[in-house]
Amino acid sequence: MADKKAVTRENAEELRALTVEQLNEKLAAQRNELLHARFQHTNAQLTKVSELKDMRRQVARISTILKEKAREDIHAGS
């Protein structure tokens, strides 16, 4: 089993290396992609429904890393 995912997603380590601005851009793009995939699913045009789960997880992963970075900034300032 080499790589079962058709779409390559960044893992948490790669995302942590990005800046907050880059993460915000990726989060907005991922949410937009998820929105379009949901519309495709509703219209029975989405071929791989499992991609919805992967997209939701990626949104959560990016959000979590953004919160971690915000927490680090708060603790670094005090």
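Remember, predicted model here, so these are calculated numbers, not experimental data. Quick note: residue numbers are just sequence positions, from 1.
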- Which one of Leu34, Leu27, Leu15 satisfies the side-chain contact (heavy atoms from CB on, under 4.5 Å) criterion with Gln58? Leu15
- For Lys69 and Leu18, the nearest pair of non-hydrogen atoms, with its separation, is NZ-O, 3.1 Å
- Message: Just verifying a value: how many Å separate Lys67 NZ and Arg71 CZ, rounded to the nearest 0.5 Å?
- Response: 9.0 Å
- Item | With sequence neighbours excluded, residues passing side chain to side chain donor-acceptor pair (under 3.5 Å) with Arg16 | Glu68
- Query: If you round to the nearest 0.5 Å, how far is CD of Glu21 from NZ of Lys26?
  - Reply: 14.0 Å
- Query: Taking atom CD of Gln45 as the centre, does the number of heavy atoms from other residues, nucleotides or ligands within less than 6.0 Å exceed 12?
  - Reply: yes
- Taking all non-hydrogen atoms of both residues, which atom of Leu52 and which atom of Ala37 are closest, and how far apart? CD2-CB, 3.7 Å
- Result for side-chain contact (heavy atoms from CB on, under 4.5 Å) between Gln30 and one of Met55, Glu25, Arg61 points to Met55
- Message: Restricting to side chain to side chain donor-acceptor pair (under 3.5 Å), what partner residues turn up for Asn11, sequence neighbours left out?
- Response: none
- Name all residues meeting the side chain to side chain donor-acceptor pair (under 3.5 Å) criterion together with Gln40; count only those two or more places apart in sequence or in a different chain, and write none if there are none. none
- Message: Tell me whether Asn24 contacts the main-chain N or O of Val20 through its side chain, where contact means a donor paired with an acceptor under 3.5 Å.
- Response: yes
- Hey, could you give me the CZ/NZ distance between Arg56 and Lys53, rounded to the nearest 0.5 Å? 8.0 Å
- When rounded to the nearest 0.5 angstrom, what is the spacing between CZ in Arg57 and CD1 in Ile62? 14.5 Å
